[in-house]
Protein chains: 2
Amino acid sequence: MGGSEIRRTMPLFPIGIVMQLADLSARQIRYYEEHELISPARTEGNRRLFSLNDIDRLLEIKDLLEQGINMAGIKKIFAVSKMEKVEGDPFAKKPELTDDELRNLLKKEMLSPGKLSRSSIRAGDLSRFFR
Amino acid sequence: MGGSEIRRTMPLFPIGIVMQLADLSARQIRYYEEHELISPARTEGNRRLFSLNDIDRLLEIKDLLEQGINMAGIKKIFAVSKMEKVEGDPFAKKPELTDDELRNLLKKEMLSPGKLSRSSIRAGDLSRFFR
DNA sequence: AAGAGTATGTTAGAATTACTAACATCGATG
DNA sequence: CATCGATGTTAGTAATTCTAACATACTCTT
């Protein structure tokens with residue numbers, strides 16, 4: 001209370017800034033939210049406010065999309081990497097896609113021509129920009 | 001071009017966020033700008049955008065104000081600490097207030113009762129909030 | 001005590017930015 | 001070719017911010 005701390009989870013950025021930072025359109029960002037890949041905070045007046053973590057995640061999404069992975073795949077990937085962090089949690093949520101389904105998804109995506117291995121630039125993790 | 005870097009000088013935050021972060025009213029922030037203590041960037045549509053440095057500076061201003069120093073004094077203090085950084089610069093700008101004037105200002109401010117030595121909390125430098 | 005100056009509050013009206021929802025497009029896929 | 005998935009575009013509405021003006025509460029000066 002009163003004192004203000006800046007954390008990576010703190011909602012700070014309006015969508016206009018995030019668009020520039022992540023080089024994404026508002027439409028794209030909202031679409032990813034619609035698919036629950038991000039969950040930015042809201043102001044009292046319902047404007048989205050993004051944290052540094054949100055932006056990192058957007059960059060990850062962008063990266064994965066460029067590799068030809070679709071919403072469902074990305075969602076699954078995030079679910080997995082989240083599970084790794086809470087490994088052993090007895091309350092761990094059951095993922096919507098089984099591992100089999102993910103394998104199928106990825107196999108399908110892999111076969112789509114011209115998309116894979118285009119950008120080898122690691123996009124994610126905005127923190128490297130700070131000094 | 002194209003790639004986006006986040007620097008401490010990068011204009012990122014709308015005034016609403018800065019108000020929360022620095023615990024200042026919009027009126028205060030705009031007033032300090034009016035007195036050239038800060039110079040936030042603007043969007044194309046003329047909305048202010050503040051950098052991390054701007055926010056640090058706002059916290060410094062707040063701190064100095066709480067110590068009873070006025071706009072002119074703060075401006076001078078900033079001018080001095082800026083000069084220290086470019087010490088020896090043959091093009092160094094001549095300050096609007098002479099050192100004598102500053103001494104008088106500060107002496108006057110020192111004598112004002114009830115304001116001095118109230119908060120011993122160091123406010124400035126937002127960077128300590130990051131991890 | 002009256003007047004002037006300083007920092008801030010408040011209000012009004014205009015302009016920008018963001019929101020949702022709907023419809024359009026375009027490439028890949030069955 | 002009819003769908004689907006990701007994104008563009010548009011319209012209408014609502015939130016946020018802007019400037020400018022006037023108000024207030026102190027402090028200082030005379």
Side-chain angles (χ1 to χ4, degrees), chain A residues 11-20 22-50 54 58 61-76 104-105 107-116 118, chain B residues 11-20 22-50 54 58 61-75 104-116 118:
Chain A
L12 292 173
F13 308 100
I15 199 169
I17 292 292
V18 176
M19 289 170 61
Q20 297 179 201
D23 191 36
L24 291 169
S25 70
R27 183 70 170 93
Q28 288 175 302
I29 296 171
R30 297 193 189 113
Y31 185 70
Y32 305 154
E33 180 185 19
E34 205 175 323
H35 285 264
E36 299 177 280
L37 299 183
I38 47 170
S39 297
R42 298 284 181 134
T43 66
E44 280 191 14
N46 201 38
R47 267 85 239 276
R48 270 166 268 253
L49 278 187
F50 299 78
D54 288 329
L58 283 172
I61 294 170
K62 194 182 176 186
D63 194 32
L64 293 171
L65 274 173
E66 279 167 1
Q67 295 177 43
I69 303 173
N70 65 9
M71 296 292 117
I74 296 174
K75 192 168 179 179
K76 176 67 181 178
N104 281 331
L105 257 172
K107 201 178 79 179
K108 244 181 15 180
E109 300 292 344
M110 289 302 134
L111 295 178
S112 77
K115 281 191 166 181
L116 196 50
R118 234 197 281 116
Chain B
L12 292 173
F13 308 100
I15 199 169
I17 292 293
V18 176
M19 290 171 62
Q20 297 178 202
D23 192 35
L24 292 169
S25 70
R27 183 66 167 95
Q28 289 175 302
I29 296 171
R30 296 191 191 114
Y31 185 69
Y32 305 154
E33 180 184 19
E34 205 174 322
H35 285 263
E36 301 178 278
L37 299 183
I38 47 170
S39 298
R42 301 281 182 138
T43 65
E44 279 191 14
N46 201 37
R47 269 81 239 276
R48 269 167 269 254
L49 278 187
F50 299 79
D54 289 329
L58 283 172
I61 294 170
K62 195 183 175 187
D63 194 31
L64 293 171
L65 273 174
E66 278 166 3
Q67 295 176 43
I69 302 171
N70 66 10
M71 296 292 117
I74 296 173
K75 191 168 179 179
N104 282 331
L105 256 172
L106 293 181
K107 202 177 79 180
K108 246 182 11 180
E109 299 291 343
M110 289 300 137
L111 296 178
S112 76
K115 282 191 165 180
L116 195 51
R118 236 199 279 116

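Worth saying up front: this structure is predicted, and the values here are computed from it rather than measured. Atom set for the values below is all heavy atoms of this structure, side chains included, hydrogens, waters and symmetry mates excluded. Note on naming: letters A, B, ... go to the chains in the order of the sequence lines (proteins, then strands), and numbering restarts at 1 for each one.
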**Request:** Round to the nearest Å and state the distance from A:N70 atom CG to D:dT7 atom C1'.
**Result:** 15 Å
**Prompt:** Do A:R48 and A:R30 touch side chain to side chain, with heavy atoms closer than 4.5 Å?
**Reply:** yes
**Request:** Taking side-chain contact (heavy atoms from CB on, under 4.5 Å) as the test, write out the residues that go with B:M71, two or more places apart.
**Result:** B:Y31, B:Y32, B:H35, B:L37, B:L65
**For the student: nearest non-hydrogen atoms of A:P11 and B:I17, plus distance** = O-CD1, 4.0 Å
Can you give me the N/O atom pairs linking the protein to nucleotides 25-27 of chain C at distances under 3.5 Å, or say none if there are none?
none

**Message:** Between C1' on C:dT8 and NZ on B:K62, what's the gap in Å once rounded to a whole number?
**Reply:** 14 Å
**Request:** Please state how far atom CZ in A:R42 lies from atom P in D:dA14, giving the value in whole angstrom units.
**Result:** 16 Å
**Message:** Whole angstroms only, please: what is the CG-P distance between A:N46 and C:dA21?
**Reply:** 10 Å
**Request:** Using atom CG of B:L65 as one end and atom P of D:dT27 as the other, report the distance to the nearest whole Å.
**Result:** 15 Å
**Message:** Counting only side-chain heavy atoms from C-beta out, which of D:dA6, C:dT16, C:dC19 sits nearest to B:T43?
**Reply:** C:dT16
**Prompt:** Once you round it to whole Å, what is the distance between P of C:dT16 and CD1 of B:I15?
**Reply:** 17 Å
**Prompt:** What is the distance, rounded to the nearest whole Å, between atom CE of B:M71 and atom C1' of C:dG5?
**Reply:** 13 Å
**Message:** Just to verify, what does A:R42 make a side-chain hydrogen bond (donor to acceptor under 3.5 Å, both in side chains) with, not counting sequence neighbours?
**Reply:** A:E33, A:N46
**Asked** Do you know the tightest heavy-atom contact between A:L58 and A:A22?
**Response** CB-CB, 4.5 Å
**Message:** Does a side-chain N or O of B:R47 approach OP1 or OP2 of D:dT16 to a distance below 4.0 Å, or not?
**Reply:** no
**Message:** Can you give me the closest heavy-atom contact between A:L24 and A:I29, atom names plus distance?
**Reply:** CB-CG1, 3.9 Å
**Request:** For A:E34, enumerate each residue passing the side-chain hydrogen bond (donor to acceptor under 3.5 Å, both in side chains) test, keeping only those at least two apart in sequence or located in another chain.
**Result:** none
**Message:** So which atom in A:I38 and which in A:P40 form the shortest heavy-atom distance, rounded to 0.1 Å?
**Reply:** C-CD, 3.6 Å
**Request:** Take the protein atom CD of A:E44 and the nucleotide atom C1' of D:dA14, then report the distance between them rounded to whole Å.
**Result:** 14 Å
**Message:** Run the ring pair (Phe, Tyr, Trp, His ring centres under 6.0 Å) test against A:F13 and tell me which residues pass, sequence neighbours left out.
**Reply:** B:F13
**Within residues 24-37 of chain B, residues whose heavy atoms come under 4.0 Å of DNA chain C** = B:S25, B:R27, B:Q28, B:Y31, B:Y32
